[in-house]
Amino acid sequence: MTREEKFSIFHQLHKQEMAFVMPNPWNAGTTRLMAQAGFEALATTSAGCAVSAGLRDGAAAVTRKMLLDNAAEIVGATELPVSADLEDGFGVSPEICAETIVAAAEVGLVGGSIEDATGGPDGGVHDIELAADRVRAAAEAAQGRHFLLTARAENYLWGQPDLADTIARLQAFEAAGADVLYAPGLPDLAAIRTVCSELSKPVNVVMGLRPPFYTVEELSAAGVARVSVGGSLMRVAYGAVQSALDGILEGRFDYDSMAMPGGTLMDMMRDAPRERT
């Protein structure tokens, strides 16, 4: 499919009565797995990209090129629409955020998020006016590029559990032109419901990171349009490997019960003739 066709599908998914789930692969292989499981769209995970490179997430360790190369690998492994976690846009200025959106569209992505976190090990969020300016520049860059922009308010991930300020930020991002709003880490279903009621654009929530967990039906009834899982599936995979390694260190090799049969796994992959020299 063309990017325009993928964008159209992705855009329509946000208009359904029931929320859709958009899981987060971290490489081409996990993309194949999730695409064939029956999901309708996928999203990258910056945590998965960082860990795959042996880097810590949330420490501004991943470069824009690294993240977009990872996104291009995921886009190339599926016909599904793919959105990307574009972190803080890879720079403070609105102009850099706009450049990131243009570059993201060029690798085949049909959506992506810009967060208001300041990036780096010290954490924190940008002033609301600057944060809105960054979203506005990103939204202008997305125009005409078949790209759905998600704006993220990061208060709850950086020790600032202020629901009123989070809603004010999301409303400012909505006014600045964001297509989807997202506040990761909201504490409960009541907070999710309140956020959705205060916005007119589709809302994304993340599940699977930490309790409490809610069903798609419960989230849909609260007004949620889209559900992602962040880096949680990547952590499940690493957790299984760590468990197997612990057993090996104890002299056991009984981890096969956690393994997908080799034939099943290979059937999910594709033949891709390439020059091998």
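Values below: all heavy atoms of this structure, side chains included; hydrogens, waters and symmetry mates excluded. This one's a predicted model, so the numbers in the text were calculated from it and none came from an experiment. Quick note: residue numbers are just sequence positions, from 1.
- Taking all atoms of both residues into account, the shortest heavy-atom contact from Glu154 to Pro184 is OE2-CG, 3.3 Å.
- Asn27 has its side chain out of reach of Ile74: every pair of non-hydrogen atoms, C-beta onward, lies at least 4.5 Å apart.
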Begin with the C-alpha distance, continue with both residues' side-chain angles, and end with the deciding distance and a verdict on side chain to side chain contact (heavy atoms under 4.5 Å, CB included) for Asp188 and Ile192. CA-CA 6 Å; Asp188 51 41; Ile192 293 170; over 6 Å; no
Please evaluate residues Thr78 and Arg32 with respect to the criterion side-chain hydrogen bond (donor to acceptor under 3.5 Å, both in side chains), reporting the C-alpha separation (whole Å), side-chain torsions for both, the decisive distance (0.1 Å), and the verdict. CA-CA 7 Å; Thr78 181; Arg32 300 287 295 175; over 6 Å; no
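- Among pairs with a residue in residues 11-38, those fulfilling ring-ring contact (aromatic ring centres under 6.0 Å, His included) read Phe7-His11, Phe10-His14, His14-Phe20, at least two apart in sequence or across chains.
- Under the 4.0 Å criterion applied to side-chain N and carboxylate O atoms, Arg169 and Asp116 are assigned as salt-bridge partners.
- Pairing each heavy atom of Leu86 with each of Gly112, the nearest pair is CD1-CA, 4.0 Å.
- By the salt bridge (charged side-chain N to carboxylate O under 4.0 Å, His left out) test, Glu87 pairs with no residue at all, sequence neighbours left out.
- The residue from Asn24, Thr45, Asn204, Asp85 that alone fulfils the side chain to side chain donor-acceptor pair (under 3.5 Å) condition with Ser228 is Asn204.
- Using a 4.5 Å cut-off between side-chain heavy atoms of Ile, Leu, Val, Met, Phe, Trp and Tyr, with links allowed through other members, Tyr182 and Ile101 fall into different hydrophobic clusters.
- Residues His146 and Val110 form no side-chain contact, since every pair of their non-hydrogen atoms from C-beta on lies 4.5 Å or further apart.
- Under the ring-ring contact (aromatic ring centres under 6.0 Å, His included) criterion, no residue pair touches residues 220-263, with sequence neighbours excluded.
- A 6.0 Å sphere centred on CD of Glu4 holds no more than 12 heavy atoms belonging to other residues, nucleotides or ligands.
- Residues Val203 and Leu13 do not share a hydrophobic cluster, clusters being chains of Ile/Leu/Val/Met/Phe/Trp/Tyr side chains in contact below 4.5 Å.
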